[in-house]
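One structure is given here, and the rest of the page talks about it.
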Amino acid sequence: MSQTSVCFDTETTGLKALEVELIGIAFSYEVGKGYYVSFPENQEETKTILEEFRSFFESDIEKIGHNLKYDIKVLSNYQMPVKGKLFDTMIAHYLINPDMRHNMDVLAETYLNYQPVSITELIGKKGKNQLFMRVVPIKDQTEYAVEDADITLQLKEHFTKELESGNVTKLFNEVELPLVSVLTAMEIEGINVNTDFLKELSIALTNDIDALEKSIYEQAGEEFNIASPKQLGIVLFENMKLVDKPKKTKTGQYKTGEDILSALEKEHKIIRDIKEYRQYKKLQSTYVDALPNEVNPKTGRIHTQYMQAVAATGRLSSNNPNLQNIPIRTERGREVRKAFIPKSQEYVLLAADYSQIELRIIAALSEEETMMEAFKNGEDIHASTAAKVFNVPLEEVTREQRSNAKTVNFGIIYGVSAFGLSNQTDLSRGEAKELIDTYYETYPKLKAYMTAQVDFARDNGYVETVLNRRRYLKDINSRNAMVRSGAERNAVNAPIQGSAADIIKLAMINIYNRFEKEGFKSKMLLQVHDELVFDAHKDELETIKPIIKHEMENAFKMSVPLDVEIGIGYNWLEAH
DNA sequence: GAAGTCACG
DNA sequence: ACGTACGTGACTTCA
């Protein structure tokens with residue numbers, strides 16, 4: 001092949017890239033044309049046939065695809081690396097408009113005015129009657145697969161131009177595409193989990209849940225399904241009449257969320273038990289019992305998937321299983337973290353966290369000197385804020401003042417209202433308003449920055465991050481006040497959250513490249529928005545610690561220093 | 001499949 | 001006067 005760029009698309013036996021078998025590969029390098037290579041069930045033969053394509057996959061020919069991470073992982077099952085420049089149409093479209101869907105079917109209709117044969121038409125609806133791709137006649141496989149490859153090739157032409165007009169070509173080429181390889185490697189690597197420990201944890205939880213259940217039934221004077229918000233609401237508010245005017249959801253059910261129950265704690269002892277019951281049930285079903293089932297039988301490790309084109313701000317998301325929401329805030333929840341362990345006795349887990357990255361970004365972007373100085377001097381930012389807004393010396397800040405300042409600091413990033421702040425603190429609505437006003441007086445340029453962001457969005461229809469990642473805000477000029485203020489909060493929040501995402505992505509790419517170049521045994525495993533987790537080989541610890549710290553703190557230069565804290569341990573909890 | 005709830009940053 | 005903090009994913013219940 002003498003082409004400089006070729007589109008390819010793999011057909012497989014399922015959705016779990018690391019567990020499926022290859023059925024076919026479609027190639028297209030001329031619009032309207034394509035070729036399909038079919039693979040037999042015998043995996044040795046499949047490997048032999050695939051070897052014929054090694055020179056292509058290892059060449060510097062540009063590889064075009066839609067969600068290339070999936071195809072690269074499938075090929076990795078056969079020790080077939082994919083090298084050279086990449087072009088991923090899913091990610092391209094994510095940068096062009098992150099709020100939209102990026103399915104190839106939708107994109108084909110929108111940009112090519114063409115309706116491709118859907119996978120459902122080919123193999124039927126999800127369910128027991130769904131066909132296996134293996135039994136689809138080769139002719140139909142070919143038509144379907146080649147069509148997808150052809151469409152992807154055509155989409156590339158559109159998106160190349162649109163990336164340019166959206167000013168995101170550089171972000172695409174220098175961040176998102178290199179990140180594909182980084183995420184692929186992290187997903188393939190996986191993480192080790194102590195399933196025996198989780199089994200014991202589950203037994204202990206069951207004991208406590210059973211006792212709580214008994215106690216709740218006694219106090220309620222009846223048996224019901226505590227896990228049913230509907231039944232619980234009736235018990236609490238109709239039978240026990242714990243409150244006069246209970247709040248209701250939009251469907252007319254009683255609200256029984258955590259915030260509602262907490263406000264009721266002084267009314268009846270049953271509330272504490274219900275909250276505890278809910279917490280333990282959640283831990284058990286979502287983590288303790290679910291995680292062992294996610295262990296890959298071949299590798300013995302858990303391999304999450306990172307979604308690179310989901311979060312509208314530029315963040316990653318994690319699923320199957322989600323390893324970005326492992327408990328840490330409660331004593332019992334923290335136990336789950338102990339189950340995440342290094343790959344062997346020669347390793348430890350290393351966790352590296354950005355300290356207050358979003359506040360540092362808003363300080364730098366707004367050039368609010370007071371806040372910038374606090375960060376430059378390494379102050380405790382929440383205490384420092386408290387000292388200023390409550391007008392007391394730093395040493396005399398009370399815990400409550402610091403806690404309220406912390407809530408405002410976070411609230412600012414989200415576009416807080418007095419009502420929202422009073423809900424999150426013990427402050428009245430009036431006190432909350434006063435605190436916010438004082439906050440803006442203390443940090444006037446912060447307020448100016450936020451106003452400027454909203455103005456920019458009104459004029460341009462979008463906001464952008466430090467790496468020019470855009471988020472379009474179509475509702476910014478809406479006549480509906482609630483819809484409009486939602487967009488205004490996005491105008492402030494998206495550049496902050498998105499810039500933090502940009503920065504950690506840069507750090508991940510640089511760390512990955514250095515690790516590759518130096519041939520370290522240590523591997524990057526997880527990303528949790530402002531944290532990276534590694535299997536760190538004990539012999540390499542003192543070498544990689546400064547590398548990780550340096551790459552994270554210097555990934556992007558701002559007028560405020562970034563600070564990274566590193567911890568190590570024999571499990572993820574200890575590493576914090 | 002929607003709604004409610006709750007785990008994380 | 002209105003409703004109310006940004007971004008996610010997973011589990012259970014129930015129509």
Side-chain angles (χ1 to χ4, degrees), chain A residues 98-99 126 224-233 247-262 274-275 277-291 293-294 304-307 310-330 332-334 336-337 353-359 362 407-425 429 432 436 463 471 480-498 500-501 504 526-532 572:
Chain A
D99 278 286
K126 233 183 150 98
F224 62 101
N225 188 345
I226 309 165
S228 163
K230 189 178 175 179
Q231 294 181 37
L232 177 64
K247 290 190 183 165
K248 294 197 175 178
T249 67
K250 47 183 166 287
T251 60
Q253 265 189 52
Y254 297 111
K255 281 189 166 175
T256 67
E258 212 265 332
D259 49 337
I260 302 282
L261 293 186
S262 291
I274 292 168
K275 283 177 63 183
Y277 176 92
R278 281 246 180 103
Q279 196 203 347
Y280 294 166
K281 272 280 193 186
K282 174 85 174 184
L283 292 176
Q284 193 176 47
S285 64
T286 307
Y287 305 102
V288 178
D289 288 351
L291 286 172
N293 299 325
E294 296 287 347
T304 186
Q305 288 187 62
Y306 289 102
M307 307 303 279
V310 169
T313 53
R315 275 191 176 183
L316 301 174
S317 80
S318 157
N319 65 20
N320 302 307
N322 184 354
L323 296 187
Q324 289 182 325
N325 72 345
I326 301 302
I328 192 161
R329 292 173 187 171
T330 66
R332 210 66 190 274
R334 278 195 282 275
V336 176
R337 290 223 167 200
D353 280 71
Y354 281 110
S355 152
Q356 309 295 351
I357 187 167
E358 293 192 347
L359 276 177
I362 202 170
T407 310
V408 194
N409 272 335
F410 281 116
I412 290 305
I413 294 169
Y414 303 144
V416 75
S417 63
F419 179 89
L421 183 63
S422 68
N423 263 350
Q424 292 290 319
T425 59
R429 208 152 144 186
I436 292 172
V463 288
R471 183 169 187 191
N480 181 327
M482 205 170 66
V483 172
R484 188 176 61 246
S485 37
E488 288 172 359
R489 289 194 295 272
N490 284 335
V492 174
N493 174 265
I496 308 301
Q497 189 179 119
I504 197 169
L526 304 178
Q527 189 251 43
V528 193
H529 312 305
D530 63 357
E531 171 188 10
L532 297 174
W572 195 1

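Keep in mind that this is a model prediction, so the values were computed, not measured. Every chain is numbered from 1, with letters handed out A, B, ... down the list of sequences.
Leu232(A) has its CG atom 17 Å from the P atom of dT12(C), to the nearest Å. Going from atom OH of Tyr254(A) over to atom P of dA3(B) covers 20 Å, rounded to whole Å. The distance from atom NZ of Lys248(A) to atom C1' of dG4(B) is 16 Å, rounded to the nearest whole Å. The CD atom of Gln497(A) sits 11 Å away from the P atom of dC6(C) (whole-angstrom rounding). The CZ-C1' distance, from Phe224(A) to dT13(C), rounds to 14 Å in whole Å. Distance Tyr414(A) OH to dT4(C) P: 18 Å, rounded to the nearest Å. Between Lys281(A) atom NZ and dT12(C) atom P the separation is 8 Å, expressed in whole Å.
Interatomic distance, Ile260(A) CD1 to Tyr254(A) OH, rounded to the nearest 0.5 Å: 13.0 Å.
Comparing Gly486(A) and Ala481(A) by the nucleotide of DNA chain C that holds the closest heavy atom to each, the one mapping nearer the 5' end is Ala481(A).
Residue contacts shown for Gly257(A) are limited to sugar-phosphate atoms, with no base heavy atom under 4.0 Å away. Contact annotation for Ala500(A): no contact, since no heavy-atom pair falls under 4.0 Å across all strands. Within 4.0 Å of Lys255(A), counting heavy atoms only, lie sugar-phosphate atoms of the nucleic acid but no base atom. At a threshold of 4.0 angstrom between heavy atoms, the contacts of Gln279(A) are confined to the sugar-phosphate backbone, with no base atom among them. Contact annotation for Gln424(A): base contact, defined as any heavy-atom pair under 4.0 Å involving a base atom. Within the nucleic acid shown, Ile326(A) comes within 4.0 Å of sugar-phosphate atoms alone, with no base atom in reach, counting heavy atoms only. Among the protein residues, Ile328(A) comes within range of the sugar-phosphate backbone only, with heavy atoms under 4.0 Å from sugar or phosphate atoms but none that close to a base. Here Val528(A) lies in heavy-atom contact (under 4.0 Å) with sugar-phosphate atoms only. Residue Ser417(A) is in base contact, counting any heavy-atom pair closer than 4.0 Å across all strands shown. Looking at heavy-atom distances under 4.0 Å, Asn423(A) makes no contact with the nucleic acid at all. Contacts of Arg278(A) with the nucleic acid, taken as non-hydrogen atoms under 4.0 Å apart, involve only primed sugar atoms and P, OP1 or OP2. Base contact: Arg429(A) has a heavy atom under 4.0 Å from a base atom. When heavy atoms are screened at a 4.0 angstrom cut-off, Ala311(A) is found touching the sugar-phosphate backbone but no base atom. If you check every strand for non-hydrogen atoms under 4.0 Å, Thr407(A) touches a base.
A cation-pi arrangement is present between Arg332(A) and Tyr280(A) under the rule of less than 6.0 angstrom and at most 45 degrees off the ring axis.
Between dT4(C) and dG4(B), the distance separating the two P atoms is 13 Å to the nearest Å. For the C1' atoms, the distance linking dA7(B) with dG3(C) amounts to 26 Å, nearest Å.
If you check the side chains of Gln324(A) and Gln527(A), you find a donor sitting under 3.5 Å from an acceptor. Under the 3.5 Å distance criterion, with hydrogens and angles disregarded, a donor-acceptor pair is assigned to the side chains of Ser318(A) and Thr304(A). For the residue pair Arg278(A) and Thr256(A), a side-chain donor N or O sits within less than 3.5 Å of a side-chain acceptor on the partner.
Judged purely by atom type and a 3.5 angstrom limit, Ser422(A) uses its side chain to pair as donor or acceptor with the backbone of Phe419(A).
Put simply, Thr251(A) has no side-chain N or O that comes within less than 4.0 Å of OP1 or OP2 on dA2(B).
No hydrogens or angles were tested; on distance alone, nothing pairs the side chain of Gln324(A) with the base of dC8(B) as donor and acceptor under 3.5 Å.
Using Watson-Crick or G-U wobble geometry with both donor-acceptor distances under 3.5 Å, dA1(C) finds no partner in any strand shown.
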